[in-house]
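Working notes, beginning with the structure itself.
Counting starts at 1 for both ligands and their atoms, in listed order. This structure is a prediction, so every number in the text was calculated from the model and none was measured. For reference, positions follow the sequence shown, starting with 1.
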Amino acid sequence: MERTFIAIKPDGVQRGLVGEIIGRFERKGFTLVGLKLLNVSQELAESHYAVHRERPFFKGLVEYITSGPVVAMVWEGDGVVAAARKLIGATNPLTAEPGTIRGDLAINIGRNLIHGSDAIETAQQEIGLWFTDAELVGWEPTLSPWLHE
Ligand code: IDP
Ligand code: MG
(Lines give C-alpha, C1' and ligand atoms only; values in the text may rest on other atoms or scores of the structure.)
(Ligands and ions follow the chains in the order given, each with its own letter.)
Protein backbone atom coordinates (compact mmCIF):
# COMPACT_ATOMS: atom_id res chain seq x y z
CA MET A 1 0.00 0.00 0.00
CA GLU A 2 1.27 3.49 -0.89
CA ARG A 3 2.74 5.58 1.93
CA THR A 4 3.94 9.17 2.22
CA PHE A 5 6.02 11.14 4.68
CA ILE A 6 4.40 14.24 6.21
CA ALA A 7 5.95 16.63 8.73
CA ILE A 8 4.28 19.47 10.60
CA LYS A 9 7.07 22.04 10.75
CA PRO A 10 7.94 24.04 13.91
CA ASP A 11 5.57 26.91 13.01
CA GLY A 12 2.65 24.47 12.83
CA VAL A 13 3.49 23.06 16.26
CA GLN A 14 4.10 26.52 17.80
CA ARG A 15 0.84 27.87 16.36
CA GLY A 16 -1.20 25.01 17.80
CA LEU A 17 -2.21 23.64 14.40
CA VAL A 18 -1.22 19.99 14.96
CA GLY A 19 -4.79 18.82 15.57
CA GLU A 20 -6.18 20.88 12.68
CA ILE A 21 -3.63 19.47 10.23
CA ILE A 22 -3.85 15.83 11.36
CA GLY A 23 -7.64 16.14 11.27
CA ARG A 24 -7.58 17.03 7.59
CA PHE A 25 -5.71 13.81 6.71
CA GLU A 26 -7.99 11.75 8.97
CA ARG A 27 -11.17 13.25 7.53
CA LYS A 28 -9.94 12.65 3.98
CA GLY A 29 -9.78 8.95 4.84
CA PHE A 30 -6.06 8.17 4.87
CA THR A 31 -4.56 5.88 7.51
CA LEU A 32 -1.96 7.03 10.04
CA VAL A 33 0.82 4.44 10.33
CA GLY A 34 3.60 6.47 11.99
CA LEU A 35 3.63 9.47 14.35
CA LYS A 36 6.22 11.13 16.58
CA LEU A 37 7.19 14.54 17.98
CA LEU A 38 10.90 15.29 17.78
CA ASN A 39 13.54 17.97 17.75
CA VAL A 40 15.24 17.65 14.38
CA SER A 41 19.05 17.39 14.43
CA GLN A 42 21.23 19.41 12.10
CA GLU A 43 22.24 16.16 10.30
CA LEU A 44 18.65 15.01 9.79
CA ALA A 45 17.63 18.48 8.52
CA GLU A 46 20.53 18.60 6.08
CA SER A 47 19.86 15.05 4.81
CA HIS A 48 16.15 15.68 4.45
CA TYR A 49 16.70 18.87 2.45
CA ALA A 50 19.92 17.69 0.67
CA VAL A 51 18.32 18.32 -2.73
CA HIS A 52 18.14 22.06 -1.84
CA ARG A 53 21.75 22.29 -0.58
CA GLU A 54 22.81 24.80 -3.25
CA ARG A 55 19.73 27.03 -2.94
CA PRO A 56 20.07 30.48 -1.32
CA PHE A 57 17.37 29.65 1.24
CA PHE A 58 19.05 26.39 2.40
CA LYS A 59 20.69 27.77 5.57
CA GLY A 60 17.48 29.51 6.67
CA LEU A 61 15.48 26.38 5.84
CA VAL A 62 17.68 24.20 8.06
CA GLU A 63 17.46 26.81 10.86
CA TYR A 64 13.66 26.87 10.50
CA ILE A 65 13.21 23.09 10.60
CA THR A 66 15.55 22.70 13.60
CA SER A 67 14.06 25.68 15.51
CA GLY A 68 11.49 23.69 17.52
CA PRO A 69 9.60 20.41 17.69
CA VAL A 70 8.31 18.82 14.49
CA VAL A 71 5.51 16.26 14.17
CA ALA A 72 6.69 13.53 11.78
CA MET A 73 4.11 11.20 10.29
CA VAL A 74 3.58 8.46 7.77
CA TRP A 75 0.17 8.24 6.08
CA GLU A 76 -1.06 5.34 3.98
CA GLY A 77 -3.64 4.92 1.23
CA ASP A 78 -4.13 4.56 -2.50
CA GLY A 79 -2.68 7.64 -4.21
CA VAL A 80 -1.68 9.20 -0.89
CA VAL A 81 1.56 10.80 -2.14
CA ALA A 82 -0.08 13.00 -4.78
CA ALA A 83 -3.28 13.49 -2.76
CA ALA A 84 -1.32 14.74 0.26
CA ARG A 85 0.45 17.30 -1.93
CA LYS A 86 -3.01 18.51 -3.01
CA LEU A 87 -4.22 18.75 0.58
CA ILE A 88 -1.05 20.69 1.44
CA GLY A 89 -1.19 23.15 -1.47
CA ALA A 90 1.48 25.13 -3.33
CA THR A 91 4.87 25.82 -1.72
CA ASN A 92 4.11 29.56 -1.45
CA PRO A 93 1.08 29.92 0.85
CA LEU A 94 0.09 33.17 -0.85
CA THR A 95 -0.54 31.32 -4.11
CA ALA A 96 -1.80 28.08 -2.50
CA GLU A 97 -5.50 27.56 -3.18
CA PRO A 98 -8.03 28.21 -0.41
CA GLY A 99 -9.10 24.84 0.98
CA THR A 100 -5.52 23.63 1.16
CA ILE A 101 -3.54 23.60 4.41
CA ARG A 102 -1.09 26.26 3.26
CA GLY A 103 -3.81 28.24 1.45
CA ASP A 104 -6.01 28.38 4.54
CA LEU A 105 -3.46 28.68 7.33
CA ALA A 106 -0.21 30.34 6.19
CA ILE A 107 1.09 33.49 4.47
CA ASN A 108 4.84 33.09 3.95
CA ILE A 109 6.97 30.66 1.90
CA GLY A 110 9.53 30.46 4.70
CA ARG A 111 6.81 29.53 7.23
CA ASN A 112 4.63 27.17 5.21
CA LEU A 113 3.65 24.81 8.04
CA ILE A 114 4.06 21.39 6.51
CA HIS A 115 6.19 19.07 4.40
CA GLY A 116 4.90 16.31 2.13
CA SER A 117 6.91 13.93 -0.07
CA ASP A 118 6.80 14.91 -3.74
CA ALA A 119 6.90 11.42 -5.34
CA ILE A 120 6.56 7.75 -4.39
CA GLU A 121 10.32 7.19 -4.52
CA THR A 122 11.03 10.31 -2.44
CA ALA A 123 8.44 9.13 0.07
CA GLN A 124 10.21 5.80 0.51
CA GLN A 125 13.56 7.56 1.04
CA GLU A 126 12.10 10.05 3.51
CA ILE A 127 10.21 7.41 5.50
CA GLY A 128 13.49 5.47 5.83
CA LEU A 129 15.31 8.61 6.93
CA TRP A 130 12.80 9.62 9.63
CA PHE A 131 11.40 6.30 10.90
CA THR A 132 12.67 2.85 11.81
CA ASP A 133 10.56 -0.13 10.68
CA ALA A 134 9.60 -0.77 14.33
CA GLU A 135 8.09 2.72 14.57
CA LEU A 136 5.63 2.03 11.74
CA VAL A 137 2.35 0.32 12.56
CA GLY A 138 0.45 -1.35 9.72
CA TRP A 139 -3.23 -1.79 10.57
CA GLU A 140 -6.55 -2.21 8.82
CA PRO A 141 -9.10 0.43 9.86
CA THR A 142 -12.49 -1.12 10.62
CA LEU A 143 -13.93 1.76 8.58
CA SER A 144 -12.34 0.43 5.36
CA PRO A 145 -15.56 -0.85 3.72
CA TRP A 146 -17.01 2.67 4.06
CA LEU A 147 -13.96 4.24 2.39
CA HIS A 148 -13.29 1.78 -0.43
CA GLU A 149 -15.68 0.17 -2.88
P1 IDP B 1 7.68 21.86 -1.02
O2 IDP B 1 7.81 21.88 0.51
O3 IDP B 1 6.35 22.45 -1.45
O4 IDP B 1 7.98 20.52 -1.61
P5 IDP B 1 10.28 22.72 -2.03
O6 IDP B 1 10.49 23.47 -3.31
O7 IDP B 1 10.68 21.27 -2.00
O8 IDP B 1 8.76 22.90 -1.60
O9 IDP B 1 11.07 23.51 -0.89
C10 IDP B 1 11.25 22.92 0.37
C11 IDP B 1 10.97 23.94 1.43
O12 IDP B 1 11.95 24.98 1.34
C13 IDP B 1 9.63 24.68 1.30
O14 IDP B 1 8.54 23.96 1.83
C15 IDP B 1 9.92 25.94 2.09
O16 IDP B 1 9.85 25.67 3.50
C17 IDP B 1 11.37 26.21 1.73
N18 IDP B 1 11.49 27.13 0.61
C19 IDP B 1 11.34 26.87 -0.71
N20 IDP B 1 11.52 27.98 -1.45
C21 IDP B 1 11.83 28.97 -0.57
C22 IDP B 1 12.14 30.35 -0.71
O23 IDP B 1 12.18 30.90 -1.81
N24 IDP B 1 12.38 31.04 0.44
C25 IDP B 1 12.35 30.46 1.68
N26 IDP B 1 12.06 29.16 1.85
C27 IDP B 1 11.81 28.42 0.74
MG1 MG C 1 9.77 19.46 -1.71
Side-chain angles (χ1 to χ4, degrees), residues 1-138 141 147:
M1 176 73 82
E2 190 172 314
R3 290 179 171 182
T4 195
F5 173 71
I6 300 293
I8 303 174
K9 297 175 178 180
D11 50 335
V13 177
Q14 294 284 356
R15 291 177 55 198
L17 294 173
V18 171
E20 163 75 33
I21 290 171
I22 290 178
R24 289 179 180 223
F25 287 87
E26 284 188 313
R27 293 200 300 274
K28 176 73 172 167
F30 291 124
T31 304
L32 183 63
V33 297
L35 174 71
K36 61 184 173 184
L37 178 75
L38 73 161
N39 284 311
V40 177
S41 68
Q42 186 80 13
E43 299 95 288
L44 177 56
E46 287 179 4
S47 305
H48 176 74
Y49 282 126
V51 67
H52 297 303
R53 193 169 299 157
E54 305 305 328
R55 308 289 284 278
F57 57 81
F58 181 72
K59 187 166 174 281
L61 177 57
V62 169
E63 281 167 12
Y64 165 41
I65 215 73
T66 58
S67 66
V70 163
V71 174
M73 295 177 277
V74 178
W75 287 88
E76 185 177 85
D78 287 334
V80 69
V81 173
R85 294 281 292 189
K86 287 216 166 230
L87 288 176
I88 289 169
T91 304
N92 184 344
L94 285 183
T95 56
E97 294 294 328
T100 66
I101 292 165
R102 288 169 174 163
D104 286 348
L105 303 172
I107 52 173
N108 186 270
I109 193 167
R111 296 289 183 269
N112 64 1
L113 290 174
I114 180 165
H115 168 84
S117 306
D118 62 10
I120 290 176
E121 206 171 85
T122 321
Q124 289 165 352
Q125 279 167 20
E126 291 176 350
I127 291 167
L129 183 64
W130 288 76
F131 285 89
T132 65
D133 285 347
E135 288 174 324
L136 299 175
V137 180
L147 290 165

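Sparse packing is recorded around CD1 of Ile107, with 12 or fewer heavy atoms of other residues, nucleotides or ligands lying under 6.0 Å away. Atom NZ of Lys36 is surrounded by more than 12 heavy atoms from other residues, nucleotides or ligands within 6.0 Å.
In this structure, atom 9 (O) of ligand 1 lies nearest to the protein heavy atom His52 NE2, 3.4 Å. Of all protein heavy atoms, the one lying nearest to atom 17 (C) of ligand 1 is Leu61 CD1, 3.7 Å.
Remark: ligand 1 and Thr91 share an N or O pair separated by less than 3.5 Å (distance only, no angle test). At least one N or O atom of Arg85, backbone or side chain, sits closer than 3.5 Å to an N or O atom of ligand 1.
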Legend entry - Candidate pair Trp75 and Phe30, rule ring pair (Phe, Tyr, Trp, His ring centres under 6.0 Å), full reasoning: CA-CA 6 Å; Trp75 287 88; Phe30 291 124; 7.5 Å; no

Inset, instruction - Show your working on side-chain contact (heavy atoms from CB on, under 4.5 Å) between Met1 and Asp78 and close with a plain yes or no. - result: CA-CA 7 Å; Met1 176 73 82; Asp78 287 334; 3.5 Å; yes

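The distance from the CH2 atom of Trp130 to the CG atom of Leu136 is 14.0 Å, given to the nearest 0.5 Å. To the nearest 0.5 Å, atom CD of residue Glu76 and atom CD1 of residue Ile127 are 9.0 Å apart.
In this structure, Lys9 forms no cation-pi arrangement with Tyr64, as its terminal cationic atom is not both closer than 6.0 Å to the ring centre and no more than 45° off the ring axis.
Those atoms of ligand 1 that come under 4.0 Å of a heavy atom in Tyr49, given as number and element, are 10 (C). Ligand 1 places these atoms under 4.0 Å from at least one heavy atom of Arg102: 1 (P), 2 (O), 3 (O), 14 (O). Using a 4.0 Å cut-off to heavy atoms of Asn112, the atoms of ligand 1 that qualify are 13 (C), 14 (O), 15 (C), 16 (O).
Nearest to atom 22 (C) of ligand 1 by heavy atom, out of Tyr64, Phe57, Phe58, is Phe57.
When non-hydrogen atoms are compared, ligand 1 lies under 4.0 Å from the side chain of Lys9 (C-beta onward) but not from its backbone.
Within the structure, ligand 1 lacks Asp118 among the residues with a heavy atom less than 4.0 angstrom away.
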